[in-house]
There are 2 protein chains.
Amino acid sequence: MKFLRSGFNRSHETSEIPAAARRPITAYDVARAAGVSQSAVSRAFSPGTSISKRTLSKVEKAARELGYRPNAIARMLSTSRSQLVGVVIPPLNNPFYPALLEALSAAFGRSGYRLLLFTSQAQQSFDPLLSEVLSSRVDGLVMVAAAISSSFADECKQSGLPVVLLNRKTDSRDVSSVVGASRVGAETIAKFLHAGGHRRYAFIAGSESSTSRDREAAFKRYLIKHDLKLHARVDGNYSFEQTGVVMRQLLSMKQRPDAIFCVNDHTALSAINVARVEYGLELGRELSIVGVDDSEMAGWPVFDLTTYGQPIALMAEHVVETMLMQLDGKLDFTEVIVPGELVVRGSARIPKWGVSGPPERRIWTPNK
Amino acid sequence: MKFLRSGFNRSHETSEIPAAARRPITAYDVARAAGVSQSAVSRAFSPGTSISKRTLSKVEKAARELGYRPNAIARMLSTSRSQLVGVVIPPLNNPFYPALLEALSAAFGRSGYRLLLFTSQAQQSFDPLLSEVLSSRVDGLVMVAAAISSSFADECKQSGLPVVLLNRKTDSRDVSSVVGASRVGAETIAKFLHAGGHRRYAFIAGSESSTSRDREAAFKRYLIKHDLKLHARVDGNYSFEQTGVVMRQLLSMKQRPDAIFCVNDHTALSAINVARVEYGLELGRELSIVGVDDSEMAGWPVFDLTTYGQPIALMAEHVVETMLMQLDGKLDFTEVIVPGELVVRGSARIPKWGVSGPPERRIWTPNK
DNA sequence: TCCTGCGTTGCATGCGCATGCAAAAATTGC
DNA sequence: GCAATTTTTGCATGCGCATGCAACGCAGGA
């Protein structure tokens with residue numbers, strides 16, 4: 001491990017007090033400078049409190065001159081509200097998660113909350129995390145695509161910590177969740193593929209997730225209802241590599257599927273890689289692949305993926321709304337299901353009917 | 001905006017006190033239960049303090065029974081160290097940034113720091129952010145790929161807040177930075193393309209960034225030194241769409257370039273999209289494209305991008321190290337340049353010499 | 001036995017701000 | 001102009017933990 005480094009050590013002849021050592025400005029300093037009490041300073045920086053314009057401007061002037069900034073930590077301790085929301089998020093290599101994270105940051109930011117990041121290793125126990133989360137005194141916790149153990153949920157409930165699951169439901173009906181419309185989405189995709197006249201349907205799952213189970217179940221239900229059957233079912237485990245492996249299995253069958261529903265875009269993109277590059281298949285003609293998320297890359301020409309879009313910004317808004325209601329104690333828990341749209345591109349054969357919308361974003365809507 | 005919601009309002013007949021209203025357990029409660037003083041409890045939870053085993057176990061027992069967790073906020077106020085690092089990060093649609101973020105989270109986590117997220121809009125002033133950052137009392141600040149104004153830097157310095165720039169240098173030599181080896185990387189790429197026997201070199205830049213400027217300058221310098229010239233130079237502005245636009249310009253020239261150096265992978269992937277899908281070019285034969293980052297997608301078969309890899313984990317480590325040294329006051333600032341490797345794949349013609357390494361990760365090393 | 005020294009403990013205080021309460025000032029109504 | 005309000009202000013205190021200091025206990029040496 002070699003690298004270049006250049007720099008200077010802190011000078012030893014500190015004639016003037018180094019900035020870092022200077023005592024930080026507190027509300028008392030401002031109060032003294034402005035000739036008012038510390039309470040007045042506090043009120044000047046707390047919107048909605050009783051303070052005269054004259055005092056306010058005196059305080060503001062003094063604060064500006066001294067470079068005063070309220071100490072958020074002290075405020076937290078005093079109000080016992082941290083204005084922080086913990087976010088437990090899985091590895092970010094699936095670009096859906098960064099997108100969600102960004103949307104969450106924006107949405108919570110608008111309500112005056114900041115995000116404290118807890119990155120989680122896949123398949124790892126949350127117990128050590130739990131402890132940190134509860135210690136950190138966040139006002140709420142958003143768990144993205146993560147299962148929550150009942151003991152974890154209990155402990156959060158006990159300590160009064162609002163929890164909202166995002167993109168994943170829980171078994172117990174004790175925890176709020178915001179999810180995309182997996183059932184409706186999968187059904188729409190099934191209809192779409194059916195309308196496209198496909199024969200052999202396959203599903204590439206993601207292990208151990210309510211989302212994957214829901215999508216698979218709804219997909220199967222539609223197929224059964226229409227006297228079709230699931231030709232093949234494999235598990236890509238939400239991993240690019242593993243999906244590649246199982247995709248090769250699918251495409252090496254004597255009777256290969258002609259319609260593959262992937263549990264999400266990331267999985268679908270891996271499937272496209274294999275189909276195009278390794279098997280030289282022309283998507284939309286020889287093989288149809290559909291995903292879920294409508295992540296940014298789905299729209300890239302090389303992929304041109306037909307996918308059921310999840311309205312990320314809207315989902316984030318619902319998370320915030322749910323969280324705030326729980327913080328206000330107006331709500332114990334709730335379950336929000338956000339519907340999306342089937343965005344039609346070139347990776348799957350397009351039915352003769354049901355397509356609408358402008359060329360750059362065509363939508364497929366059954367029965368309407 | 002329609003969605004489904006189900007849930008229950010909080011019951012009004014609260015016979016027992018709701019969990020959220022119950023007073024949280026403090027160190028005093030534990031002290032009383034364990035028959036010791038509050039200081040003892042504090043010491044029990046502070047590693048490296050003087051406490052006997054007997055007292056420690058008594059406290060631990062009581063704490064476990066009461067479900068006590070130290071209040072991090074109070075600890076912050078008391079120690080005036082938040083164990084929080086602010087991270088200012090640009091929009092995450094370029095997957096390099098989520099990867100960096102994750103690496104930072106892991107690296108800082110190992111040193112007991114958590115990340116507080118500040119997402120920044122591209123091209124937006126940081127002034128409002130600055131205020132929030134300083135108020136939030138983070139112990140340090142990492143700015144990813146973001147320029148820092150001198151006034152911002154001054155204010156941070158004045159308040160003693162250590163700042164480390166990641167993937168971007170600053171003009172003033174007052175702020176620490178950790179960057180990939182742009183100069184060496186660009187030079188290596190130039191050599192690589194030169195050795196591959198290309199004729200017409202082009203560069204797709206990213207506006208307004210030291211990184212882009214450095215890479216372009218080093219690329220040009222090499223070309224000039226070897227009596228070659230830059231056939232074309234366009235600006236993709238780090239945007240997928242804009243890169244598409246300028247890429248079309250490049251490929252529509254009477255004399256189109258045969259070697260394109262893209263400022264980063266994200267830009268390169270967009271370029272590949274246009275070259276492959278719109279112009280049907282076979283990369284590595286008719287046209288060579290090279291990027292920088294070695295992001296995950298670069299390795300995807302559909303892209304198969306030759307790229308100068310940036311060792312993300314290592315860069316994150318250096319950020320942490322730099323930050324910790326500044327926190328300890330052992331260092332004013334430093335500049336770390338982390339070298340990478342040119343990962344050879346199929347998007348650019350491969351020279352006859354200099355390639356080594358296993359098939360799954362071939363490296364090109366000049367002059368060795 | 002007494003003293004020294006070390007390891008452990010509790011006491012008291014401070015971190016910086018928010019806020020209930022009462023006093024003071026400003027405003028209103030008559 | 002004066003009393004009744006209403007608004008503004010300051011005082012005092014608390015949020016929960018860390019920590020300097022002094023007191024304490026215990027072991028070893030003289």
Side-chain angles (χ1 to χ4, degrees), chain A residues 21-60 62-63 66-84 112 134-139 159-160, chain B residues 21-60 62-63 66-84 112 134-139 159-160:
Chain A
R22 205 159 45 209
R23 197 175 56 79
I25 312 294
T26 75
Y28 284 100
D29 302 320
V30 178
R32 202 175 319 116
V36 297
S37 74
Q38 177 266 327
S39 338
V41 178
S42 169
R43 291 188 177 104
F45 284 89
S46 313
T49 47
S50 165
I51 189 169
S52 71
K53 292 193 175 178
R54 219 166 59 82
T55 309
L56 180 60
S57 64
K58 274 198 298 184
V59 171
E60 280 176 339
L66 293 174
Y68 167 74
R69 293 174 195 287
N71 184 327
I73 306 286
R75 170 175 296 180
M76 292 177 198
L77 184 60
S78 193
T79 59
S80 60
R81 312 192 67 234
S82 64
Q83 300 293 103
L84 292 177
L134 289 179
S135 250
S136 70
R137 251 55 174 186
V138 292
D139 287 344
S159 62
Chain B
R22 205 160 43 208
R23 196 175 57 78
I25 311 295
T26 75
Y28 284 99
D29 301 320
V30 178
R32 202 176 317 118
V36 298
S37 75
Q38 177 267 329
S39 336
V41 178
S42 170
R43 292 188 176 105
F45 284 89
S46 313
T49 47
S50 165
I51 189 169
S52 70
K53 291 192 175 178
R54 219 167 58 82
T55 308
L56 179 59
S57 65
K58 273 198 298 184
V59 171
E60 280 175 339
L66 293 175
Y68 167 74
R69 294 177 194 289
N71 183 327
I73 305 286
R75 170 176 297 182
M76 292 177 198
L77 184 61
S78 192
T79 59
S80 60
R81 312 192 68 232
S82 64
Q83 300 292 105
L84 252 38
L134 289 179
S135 249
S136 70
R137 251 54 174 188
V138 292
D139 288 344
S159 62

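First the proteins, then the strands, lettered A, B, ... as listed; each starts at 1. No experiment lies behind these values; they were computed from the predicted model shown.
Between B:R54 atom CZ and D:dG25 atom P the separation is 13 Å, expressed in whole Å. A straight line from CD1 of A:I51 to P of C:dA25 spans 17 Å, rounded to a whole angstrom. Rounded to an integer number of Å, the gap from A:D29 CG to C:dC17 C1' is 13 Å. Between B:Y28 atom OH and C:dA12 atom P the separation is 11 Å, expressed in whole Å. C:dG16 atom P lies 20 Å from atom CZ of A:R43, rounded to whole Å.
Applying the 3.5 Å distance criterion, the base of D:dG10 shares no donor-acceptor pair with the side chain of A:R32. Judged by atom type and distance alone, B:R137 does not reach the base of C:dG16 through any side-chain donor-acceptor pair under 3.5 Å. Below the 3.5 angstrom threshold, one finds no donor paired with an acceptor across the side chain of A:T26 and the base of C:dC15.
Here the shortest heavy-atom pairing between B:V41 and B:V36 reads CG2-CG2, 4.2 Å. Here the shortest heavy-atom pairing between A:T26 and A:Y68 reads C-CE1, 3.5 Å.
Within the model, atoms CZ of B:F45 and CZ of B:R69 stand 9.0 Å from one another, a figure rounded to the nearest 0.5 Å. A distance of 8.0 Å separates OG in A:S135 from CG in B:N71, rounded to the nearest 0.5 Å. Separation of atoms CD1 (A:I73) and OG (A:S82) is listed at 9.5 Å; rounding is to 0.5 Å. Taken from CZ in B:R75 to CZ in B:R81, the straight-line distance is 11.5 Å, to the nearest 0.5 Å.
Contact annotation for B:V36: backbone-only contact, meaning every heavy-atom pair under 4.0 Å involves sugar-phosphate atoms and none involves a base.
Within residues 71-81 of chain B, the residues that place at least one heavy atom under 4.0 Å from DNA chain D are, in residue-number order, B:N71, B:A74, B:R75, B:S78, B:T79.
Of the candidates C:dA18, D:dT19, D:dA12, C:dA18 carries the atom nearest the A:S46 side chain, counting heavy atoms from C-beta on. Proximity note for A:S42 (side chain, C-beta onward) versus C:dG10, D:dG10, C:dC17: the nearest is C:dC17. For A:S50, whose side chain is taken as the heavy atoms from C-beta onward, the closest listed nucleotide among D:dC17, C:dG10, D:dT8 is D:dT8. Listed candidates were C:dG10, D:dA12, D:dA18. Nearest to the side chain of B:Q38 is D:dA18.
Residue pairs satisfying the salt bridge (charged side-chain N to carboxylate O under 4.0 Å, His left out) criterion with at least one member in residues 31-47 of chain B, sequence neighbours excluded, are listed as follows: B:D29-B:R32.
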